[in-house]
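Shown next, in structure tokens, is the structure this report addresses.
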Amino acid sequence: MSDIDIREVVISYDHGQSRQKIIDGVSMEIKKGEFVCIVGQSGCGKTTLLNVIAGLLKPESGQILYRGRPSPDSVRIGYVFQFPRLLPWRTVQENLQFVLKETDAGVKDKIAHVLEMVGLGGYEKYYPHQISGGMQARVSIARALVIDPDILLMDEPFSHLDQITAKKLREDVVKLWAKTKMTVIFVTHDLHEAVYLADRVYVLGGRPATIRHVENIDIMRPREYDGDEVFKVYKKLANIIYSIQS
């Protein structure tokens with residue numbers, strides 16, 4: 001059984017007195033424990049699709065099944081947004097505690113454990129303005145992990161960071177994924193990033209957007225971000241996307 005089964009999903013927005021179709025008949029089958037990337041140009045509907053998967057928006061038609069069930073409530077979904085969106089008046093610990101329902105003493109130990117996982121042990125009492133952008137990104141990942149998600153959604157979480165910090169965080173995310181065995185759906189417009197991270201890449205494009213290509217990434221892990229194998233697949237996929245768009 002798949003963790004996520006997306007069947008002919010259509011998404012439209014109200015645009016003045018008419019409806020504008022954003023996504024047209026997208027289907028994906030994502031197995032338990034897979035790392036899947038969705039790539040495409042800015043504005044093609046990647047984030048909109050992710051929000052529908054998260055249950056934050058409803059599709060106009062089509063269906064999404066979560067381990068065979070139609071409700072996203074049947075699984076725990078963690079969401080890492082494009083920007084950290086931390087509450088500035090709350091400490092790191094309090095930002096994580098905010099998404100938890102538990103109030104017992106064990107919550108602090110759980111938060112401390114997750115912060116250790118993302119390399120932020122000892123930063124529980126810091127406020128967002130007291131830590132770097134990269135560390136804030138780690139807090140946002142920890143906030144998604146602290147609920148013990150079955151499925152982790154990530155919306156271009158490193159696009160606002162410098163190249164060195166983003167590269168390190170990609171490596172850390174792969175290690176976390178390998179350790180937790182979560183299903184990850186990662187949205188990006190960075191094709192190199194997608195090839196490095198993913199088991200499979202879906203290329204979204206067109207207006208309205210459809211799936212234009214699917215590429216299985218058969219590179220053994222661990223991968224080298226600047227390695228020849230990653231670059232070879234990146235170049236192949238870039239040429240395919242260029243031919244689709246031209």
Side-chain angles (χ1 to χ4, degrees), residues 1-11 22-40 44-82 141 144-145 147-158 170 173-206 208-221 223 230 233-234 237 240-241:
M1 182 184 297
S2 303
D3 255 8
I4 297 284
D5 191 358
I6 302 168
R7 301 179 178 177
E8 293 295 323
V9 161
V10 174
I11 305 168
I22 306 298
I23 302 287
D24 188 14
V26 163
S27 295
M28 301 178 185
E29 186 177 357
I30 301 168
K31 296 181 176 64
K32 180 178 173 60
E34 279 193 305
F35 200 125
V36 169
C37 281
I38 302 172
V39 303
C44 73
K46 302 185 300 296
T47 296
T48 300
L49 180 59
L50 206 65
N51 286 337
V52 170
I53 295 171
L56 301 176
L57 296 173
K58 290 186 177 181
E60 183 173 299
S61 63
Q63 187 179 33
I64 301 180
L65 298 178
Y66 306 82
R67 296 185 176 174
R69 298 180 180 181
S71 172
D73 295 335
S74 60
V75 293
R76 292 186 301 274
I77 298 177
Y79 202 137
V80 181
F81 300 97
Q82 185 170 356
I141 294 170
L145 293 177
I147 66 168
D148 296 321
D150 303 302
I151 299 164
L152 183 65
L153 308 180
M154 306 186 79
D155 183 16
E156 301 191 49
F158 312 138
R170 291 182 195 110
V173 163
V174 169
K175 290 175 183 177
L176 282 169
W177 166 72
K179 184 176 181 179
T180 61
K181 307 300 182 183
M182 291 179 299
T183 301
V184 178
I185 305 175
F186 190 106
V187 160
T188 180
H189 63 265
D190 186 331
L191 189 55
H192 192 169
E193 178 177 64
V195 172
Y196 171 74
L197 292 172
D199 294 319
R200 187 166 64 260
V201 175
Y202 287 92
V203 179
L204 205 62
T210 59
I211 293 174
R212 307 300 299 275
H213 181 75
V214 181
E215 184 76 15
N216 293 316
I217 311 299
D218 297 320
I219 305 174
M220 291 187 63
R221 300 181 187 272
R223 299 171 183 170
V230 169
V233 177
Y234 159 78
L237 196 48
I240 291 171
I241 293 173

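In the model, Ser2 has a side-chain atom that pairs as donor or acceptor with a side-chain atom of Glu29 under 3.5 Å.
The list of side chain to side chain donor-acceptor pair (under 3.5 Å) pairs with a residue in residues 67-80, not counting sequence neighbours, reads Asp3-Arg67, Asn51-Tyr79.
Qualifying side chain to side chain donor-acceptor pair (under 3.5 Å) partners for Glu215, counting only residues two or more places apart in sequence or in other chains: His213, Lys236. Partners of Arg170 by salt bridge (Lys or Arg N to Asp or Glu O under 4.0 Å), not counting sequence neighbours, listed by chain and number: Asp190, Glu193. Applying the side chain to side chain donor-acceptor pair (under 3.5 Å) rule to Thr210 yields no partners; only residues at least two apart in sequence or on another chain are considered. With sequence neighbours excluded, the residues satisfying salt bridge (Lys or Arg N to Asp or Glu O under 4.0 Å) with Glu60 are Arg19. With sequence neighbours excluded, the residues satisfying side chain to side chain donor-acceptor pair (under 3.5 Å) with Gln82 are Ser159.
The shortest heavy-atom contact between Val9 and Pro59 is CG1-CB, 3.8 Å. Nearest approach of Val195 to Val230, heavy atoms of both residues: CG1-O, 3.6 Å. The heavy-atom pair separating Gly55 from Pro72 by the smallest distance is CA-CG, 4.1 Å. Heavy atoms only, all atoms of each residue included: Pro157 and Val80 are closest at CB-CG1, 3.8 Å.
In this structure, Ile23 and Val10 have side chains that are not in contact, with every pair of non-hydrogen atoms separated by 4.5 Å or more. At least one side-chain heavy atom of Val26 sits under 4.5 Å from a side-chain heavy atom of Leu49. Between Leu191 and Leu237 the shortest side-chain heavy-atom distance falls below 4.5 Å. Under the 4.5 Å side-chain criterion, counting only non-hydrogen atoms from C-beta, Met28 is in contact with Ile38. Under the 4.5 Å side-chain criterion, counting only non-hydrogen atoms from C-beta, Ile30 is in contact with Ile185. Counting only heavy atoms from C-beta outward, the side chains of Val36 and Val184 never approach each other to under 4.5 Å. Counting only heavy atoms from C-beta outward, the side chains of Thr48 and Lys46 never approach each other to under 4.5 Å. Looking only at side-chain heavy atoms (C-beta outward), Glu8 and Ser61 stay at 4.5 Å or farther from each other.
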Please report the C-alpha distance between Ile211 and Val203 in whole Å, then the side-chain angles of each, then the deciding distance to 0.1 Å, and finally whether the side chain to side chain contact (heavy atoms under 4.5 Å, CB included) criterion is met.
CA-CA 6 Å; Ile211 293 174; Val203 179; over 6 Å; no
Between Ile77 and Tyr66, is the side chain to side chain contact (heavy atoms under 4.5 Å, CB included) condition met? List the steps.
CA-CA 10 Å; Ile77 298 177; Tyr66 306 82; 4.0 Å; yes
Please determine whether salt bridge (Lys or Arg N to Asp or Glu O under 4.0 Å) holds for the pair Asp199 and Arg221, giving the CA-CA distance in whole Å, both sets of side-chain angles, and the decisive distance to 0.1 Å.
CA-CA 10 Å; Asp199 294 319; Arg221 300 181 187 272; 3.1 Å; yes
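Atom-to-atom distance recorded for Asp155:CG and Thr47:OG1 is 3.5 Å, nearest 0.5 angstrom. Within the model, atoms NE2 of His189 and SG of Cys37 stand 12.5 Å from one another, a figure rounded to the nearest 0.5 Å. Atom CD1 of Ile6 is separated from atom CD1 of Ile53 by 3.5 Å, given to the nearest 0.5 angstrom. We find the CG-CE distance between Leu153 and Met182 to be 10.5 Å, quoted to the nearest 0.5 Å. Atom-to-atom distance recorded for Lys32:NZ and Ile4:CD1 is 11.5 Å, nearest 0.5 angstrom. The CG atom of Leu152 lies 8.0 Å from the OG1 atom of Thr180; values are rounded to the nearest 0.5 Å.
Between the side chain of Thr183 and the backbone N or O of Ile151, no donor-acceptor pair lies under 3.5 Å. In this structure, Thr188 contributes its side chain and Glu156 its backbone to no donor-acceptor pair below 3.5 Å.
Taking a 6.0 Å sphere around OH of Tyr234, one finds it holds 12 or fewer heavy atoms contributed by other residues, nucleotides or ligands.
Ring geometry for Trp177 against Phe35 counts as perpendicular: the plane angle is over 60°, on a 0 to 90° scale with 30° as the lower cut.
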